[in-house]
There are 2 protein chains.
Amino acid sequence: MAEAKSNKVNMKTLAKVLNVSIATISKALRDSHDIGEETKQRVIETAKLLHYVPNPYASSLRKRSSNTIAIIIPEIADSFFSQAINGIESIVGQEKYHALIYLTHDSYEREAQMFADLSSGRVDGVIMSVASNTKEIRHIQELQQAGVPIVFFDRVCEDIPTAKIKTDDFNSAYMATKHLLEQGCKNISLVTIEGYPSILQAREGGYKKALTEHQVKHKEQNIISCSNKYNQENIAFLKEHIDKIKPDGIIATVEHLATTTYLACEELKLNIPNDIKVVCFTNQITAAILNPPLTTVLQPAYDMGRKAAELLFGHLAGKPIQLEKENITLPSKLVVRDSTRAGD
Amino acid sequence: MAEAKSNKVNMKTLAKVLNVSIATISKALRDSHDIGEETKQRVIETAKLLHYVPNPYASSLRKRSSNTIAIIIPEIADSFFSQAINGIESIVGQEKYHALIYLTHDSYEREAQMFADLSSGRVDGVIMSVASNTKEIRHIQELQQAGVPIVFFDRVCEDIPTAKIKTDDFNSAYMATKHLLEQGCKNISLVTIEGYPSILQAREGGYKKALTEHQVKHKEQNIISCSNKYNQENIAFLKEHIDKIKPDGIIATVEHLATTTYLACEELKLNIPNDIKVVCFTNQITAAILNPPLTTVLQPAYDMGRKAAELLFGHLAGKPIQLEKENITLPSKLVVRDSTRAGD
DNA sequence: ACGGTTTAAGTAAACGTTTAAGCAAATAAA
DNA sequence: TTTATTTGCTTAAACGTTTACTTAAACCGT
């Protein structure tokens, strides 16, 4: 078998070997019908033989498009986001695109910095979940005005006219709260984190609606905002809250708050579900084997990622998709387990 | 404030505006001392004013280096890998590099495909954990011979002479097994997954060493290979094993096997730790709140990722680092919890 | 005043593609 | 037979940088 030269083989090499012009090589490889069938075959064969791989940067420069997208998310050590990435990746790979990953760590400054960089044309599109403390959205607007399509998922930015893939935060918080009420809770706290205006509002809204429907008066003090990190301070902060408010039900709105809540209850010697019932928004498979098994709001992470990617790639492929018209909501599912079973 | 033009601003634009040559712009921005201090300032100022961002593809093409690395891992919905990515990212961001992410889903074919693509010069380096069914390593060798530095972490490929960041699989399996033996187990099963020759061998070795030291004869039937997916079949498969072998201790070697094991035991009405003790290699924070809290081998995921990135970037920056000499082992930690407490 | 060095620029080629435009030969249409 | 069209290929410019080389002026020592 013929071996590839150790020095880079490019179109020039192929052209020389086959004694045709570089243009012929390029067109043959892109299956242009400028080129005769026989020549095409010879080019393709030789390219394979010499292990020719096109230089993506030359191609991107010339075509002014990169076959690359950016995935911008707050963090990655979170089952929701990692599952969403799986969904995105299922399309990216199939479309022969490449994905750059950027973690904002929930910092607006980093997010803005990343967007500034992307205005260079580095990517053909962006799939993102905004940072929790992003209030100013100029960086996003500017990239969009520069012609880079953006698709939001989960933590969307309502003020940007583009595709948004959400889950039914309002309704699932409503269902979760209703469930707690039906299990006998009278004093339910909503444990949330700083920022995320749109998600927060939706979940808070659903929570309040359920309370109202059950003639329970909502008290502001029942909503507590933790920092978006899993750490000892949050546990202490939550313990203090529980100690003071004595809730008999807790809705934890992000994944890592499940552990925080369980540990806080344990330290306070509160029994779940007898003393206090807990439901959490999380996709962790371990929910089923917790002590006790945790009632969860299971978000369609994979499907959200996948749908976001489908829209972006559909748009990039020139399909008649008006991103700003796409406002998709995929349902979350309340999975009831022992952490909310009615006591005796 | 002057607004950026809506059409792309490049060096030509700046050159025209400042009435200097393109070369001057380029040199000024790279702080060459070919250029006078005053001119440099004018260039930098104008670039900022017009929101100039260099085209990375033109730059990569010309410089034949991309300021981009590839992260190639089997999967991402796994706390070990996502934490490792956090570690990698902590360096990537700081070095102003970009990270392309590729998921092999443990498929050799996909992995080989990705490597073929990377031979185009798309990335300056690779950080990877090999797929479980990768036996043939030509794709890796070829990329390396093409001059792309590769750093392995966790699931390394022993036959490639380059940097490897591992954790002490042998020793931590040894410690875990010893711990189970000391807690009174006499019949310990090792639950593992297909593939991963080097990791598997190390963990199996540590497991056997502990058994031998405690005069327990090892039986091949005590090692069970599941598929590397969290699903119902694996639970059934493990149940069958437990039912047949009746182990009083289980060492689960990858994260998702924790849930599999717990559910299998639950379905078999086996009490952990009284009937059977369990320890699992996992980094999930929920380990502490499982029923019962799970004894884990906690791997230094973040540090492994970070170290891998440090080596790669050190090498790329031209520091005198001989990658093939770097064979680093970071310690895992056995975190003892109730799933292995001695019964009464 | 003269050669030599330093400073601060500019010129132009190169990186590897893609593609508009051109052209000769073959084929079809008249 | 002549004219148009198609086929199959080539030429050359362009994408936006970087950089080796050139140049012109200024400065400096003798």
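Each chain gets a letter, A, B and so on, in the order its sequence line appears, and its residues count up from 1.
Of the N and O atoms on the side chains of A:H51 and B:E142, not one donor lies less than 3.5 Å from an acceptor on the other residue. Looking only at atom types and distance, the side chain of B:T104 has no donor-acceptor partner in the side chain of B:S107 under 3.5 Å away.
With hydrogens and angles disregarded, no donor-acceptor distance shorter than 3.5 Å links the side chain of B:Q83 to the backbone of B:A301. Put simply, the side chain of B:Q144 gets close to the backbone of B:P161: a donor and an acceptor are under 3.5 Å apart.
Among the protein residues, A:P56 comes within range of no part of the nucleic acid, since none of its heavy atoms lies under 4.0 Å from any strand. Nucleic acid contact for A:S59: sugar-phosphate only, since backbone atoms but no base atoms lie under 4.0 Å from a heavy atom of the residue. Among the atoms of the strands shown, only primed sugar atoms or phosphate atoms (P, OP1, OP2) are found under 4.0 Å from some heavy atom of B:N55. In this structure, B:S60 reaches neither bases nor backbone, as no heavy-atom distance under 4.0 Å exists between it and the strands shown. Using a 4.0 Å heavy-atom criterion, one finds that A:K27 contacts the bases of the nucleic acid, with or without backbone contacts as well.
Close to C:dT18, at under 4.0 Å from its OP1 or OP2, lies no side-chain N or O of B:Y57. Listed pair B:R30 / D:dT18 meets the phosphate criterion, a side-chain N or O lying under 4.0 Å from OP1 or OP2. Distances shown here put a side-chain N or O of A:R64 below 4.0 Å from the OP1 or OP2 atom of D:dG16. In terms of phosphate contacts, A:S21 brings no side-chain nitrogen or oxygen within less than 4.0 Å of OP1 or OP2 of D:dT11. Applying the 4.0 Å criterion to OP1 and OP2 of D:dC9, one finds that A:T39 has a side-chain N or O inside that range.
Both B:L61 and B:D34 lie close to DNA chain D; mapped to their nearest nucleotides by heavy-atom distance, the more 5′-ward contact belongs to B:L61. Mapped onto DNA chain C by nearest heavy atom, B:A58 and B:T24 fall at different nucleotides, with B:T24 at the one closer to the 5' end.
Taking atom CG of residue A:L29 and atom P of nucleotide C:dG16, one finds them 16 Å apart after rounding to whole Å. Spacing between atom CD1 of A:I22 and atom P of C:dT19 amounts to 15 Å, rounded to whole angstrom units. Distance B:E37 CD to C:dT7 C1': 13 Å, rounded to the nearest Å. Rounded to a whole Å, the CZ atom of B:R62 is 16 Å from the P atom of C:dT17. The CE-P distance, from A:M11 to D:dC15, rounds to 19 Å in whole Å. When the C1' atom of D:dT18 is taken as reference, atom CG of B:N10 falls 14 Å away, rounded to whole Å. Taking atom CD1 on B:I25 and atom C1' on D:dT19, their separation rounds to 16 Å, with Å as the unit. One can place CD1 of B:I35 at 6 Å from P of C:dA9, the figure rounded to the nearest angstrom.
Applying the salt bridge (Lys or Arg N to Asp or Glu O under 4.0 Å) criterion to B:D78, with sequence neighbours excluded, gives no partner residue.
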